[in-house]
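Okay, so here's the structure we're looking at.
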Amino acid sequence: MRFASLGSGSRGNALLVQSGRTRLLIDCGFGPRALAQRLARLGVVPEQIDAVLLTHEHSDHVAGVAALAKRFSCPVYASAGTRRALARRKIAVPCLEDIDGTTDFVVQDLQVRPYAVPHDAEQPTQFVVSANGLSLGVLTDAGSVTASMRDALRGCAGLMLEFNHDSAMLAQGPYPARLKARISGGLGHLENRVAADLLRAMRGDALQVVLAAHLSETNNDPHHVATCLSKVLADTSTVWQIATQQAGSDWIVLRA
Ligand SMILES: [Zn+2]
Ligand SMILES: [Zn+2]
């Protein structure tokens, strides 16, 4: 299995996961042209996407999904709450497939386990994707960490984990008070130290690689995130990268 971020942050998110001939996109926050350009960097064309999984309805995750699904008729898997929210916003996605947010399902070569997270969307759902005994856990857009989230992510070989903001930078930064409260609240985004604590609990021989994601360009500094990752993963064989808004990441391979 391999995966790559096409770009991550409040201006657009998409994660490509491949096993065998199956290519899944988790979220599609980029319009057709940007999506094609970002995929081309990884040697993929949009028509090779077999399905899209949506985590929630915020525009940085869904901005390009209707165009992609219309053009290539690929199925789009979303929770009932996400589907309702898309309908309210008049985002018409053809080929919507229902998921109930807790039951595993299969997309060709990949098994998908959805799990619920606290975030200010209608039914936010994150995913663990598995093939051939290897799992990639994905967690962005969560205001806090619950026991069931820890359970879902335990034992993964790869983790894409939100390091959204540094609490001091957010507090001293330019955002209005209400927005600061939203971001740092229980339904907002993961703070660096909260993400680091979760990662500390996930350390182990199984964990090959961590991709830090959804960093705020205003309220975070990649150097702070790098410091967190180096500290938590010192004395382990786990490697790490930071996904950027502009360039995402290269392909990251999980080895059996
Ligand atoms: Zn987001
Ligand atoms: Zn969100």
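Computed from heavy atoms alone, side chains included, the values below leave out hydrogens, waters and symmetry copies. As the structure lists them, so they are numbered: ligands from 1, and atoms in each ligand from 1.
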The Zn ion (ligand 2) reached by His58 (N, O or S, under 2.8 Å): yes
Ring geometry between His119 and His189 (parallel below 30°, tilted from 30 to 60°, perpendicular above 60°): perpendicular
Nearest-0.5 Å distance, CG of residue Asp205 to OG of residue Ser237: 6.5 Å
Considering only N, O or S atoms of Asp60, the one closest to the Zn ion (ligand 1): OD2
Verdict with reasoning, His214 to Asn13, per side-chain contact (heavy atoms from CB on, under 4.5 Å): CA-CA 8 Å; His214 217 305; Asn13 294 275; 3.6 Å; yes
Short N/O/S contact of His56 with the Zn ion (ligand 2) (below 2.8 Å): yes
Metal-centred angle, NE2 of His119 through the Zn ion (ligand 2) to OD2 of Asp141, rounded to 10 degrees: 90°
Glu217/Arg11 salt bridge by N-O under 4.0 Å criterion: yes
Lys/Arg N to Asp/Glu carboxylate O, Asp104 vs Arg113, below 4.0 Å: yes
Vertex the Zn ion (ligand 1), rays to NE2 in His61 and NE2 in His214 - rounded to 10°: 110°
